[in-house]
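From a predicted model like this one, the values you see are computed outputs, not experimental measurements.
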Amino acid sequence: MSSMLRNPLRYQDFYVGLVMIAIAAAGLLDIAYGNWRTGQTMGPQAFPQVAYIAIMMAGGLVSANTCIGKYDARQEEIVSVLMTAVVMVSGGVLLFLLAGRLGFTVTLALALMAGSSLLTQAPLRHWKTTILLPIMAAVIMYFLFVQLIRIPLPGGLLF
């Protein structure tokens, strides 16, 4: 019982879970009160609604695990935790804005390249995973959503 509620406010995972819950709640509110057009059988809101519910549940589990003492990140200063939250939210907003201008496929490829470059020590030496793999993943996502299940993605420069 001593591990229960160990001060989760000092761990980054707790805030990651809260940000996930907040983003999913905002998405669900947008679906409920936004201007979603009616679709064929399930409606265009069905897939995003299921995804937002899954994100909200995952965020709840991440935060709850931090409360009971299970977490991946080490204890950090509150300033670095808050900066991580600010970077996450602002990065998401930037991706949203870029997807409207550049298109989903190009934005996804750029985001994956940036993320893998930041997480790799020598990104140019590992060019297959930092450049080639993100481009292939973005093209696969395009064909999966647009060609196979006919969900339109924001268009842009190339797709």
Quiz item: Is there a path of hydrophobic side-chain contacts, each under 4.5 Å between heavy atoms of I, L, V, M, F, W or Y residues, that connects Val106 with Ile131?
Solution: yes
Quiz prompt | Cluster overlap Leu108 with Phe143, hydrophobic side-chain contacts below 4.5 Å | solution = yes
Exercise. Check whether any side-chain heavy atom of Leu110 sits under 4.5 Å from a side-chain heavy atom of Leu98, and report yes or no.
Key: no
Quiz item: What distance do Thr107 atom OG1 and Leu97 atom CG have between them, rounded to the nearest 0.5 Å?
Solution: 10.0 Å
Self-check item: Transitive ILVMFWY side-chain link Val139 to Leu133, under 4.5 Å
Solution: no
Exercise. Determine, using the 4.5 Å side-chain heavy-atom cutoff (strictly less than), whether Ile55 and Ile23 are members of one ILVMFWY cluster.
Key: yes
Quiz item: At what distance, to the nearest 0.5 angstrom, does CG of Leu61 lie from CD1 of Ile21?
Solution: 9.0 Å
Quiz prompt | Heavy-atom pair with the smallest gap, counting every atom of Ala58 and Met20 | solution = CB-CE, 3.6 Å
Exercise. Treating Ile, Leu, Val, Met, Phe, Trp and Tyr as nodes and any side-chain heavy-atom pair under 4.5 angstrom as an edge, say whether Met57 and Tyr52 lie in one connected cluster.
Key: yes
Quiz item: Taking side chain as C-beta onward, heavy atoms only, is Ile135 less than 4.5 Å from Met113?
Solution: yes
Quiz item: What heavy-atom pair brings Ala111 and Leu95 nearest, and what distance separates the two atoms?
Solution: CB-CD2, 3.5 Å
Self-check item: Shortest non-hydrogen contact between Thr130 and Pro134, atoms and distance
Solution: O-CG, 3.6 Å
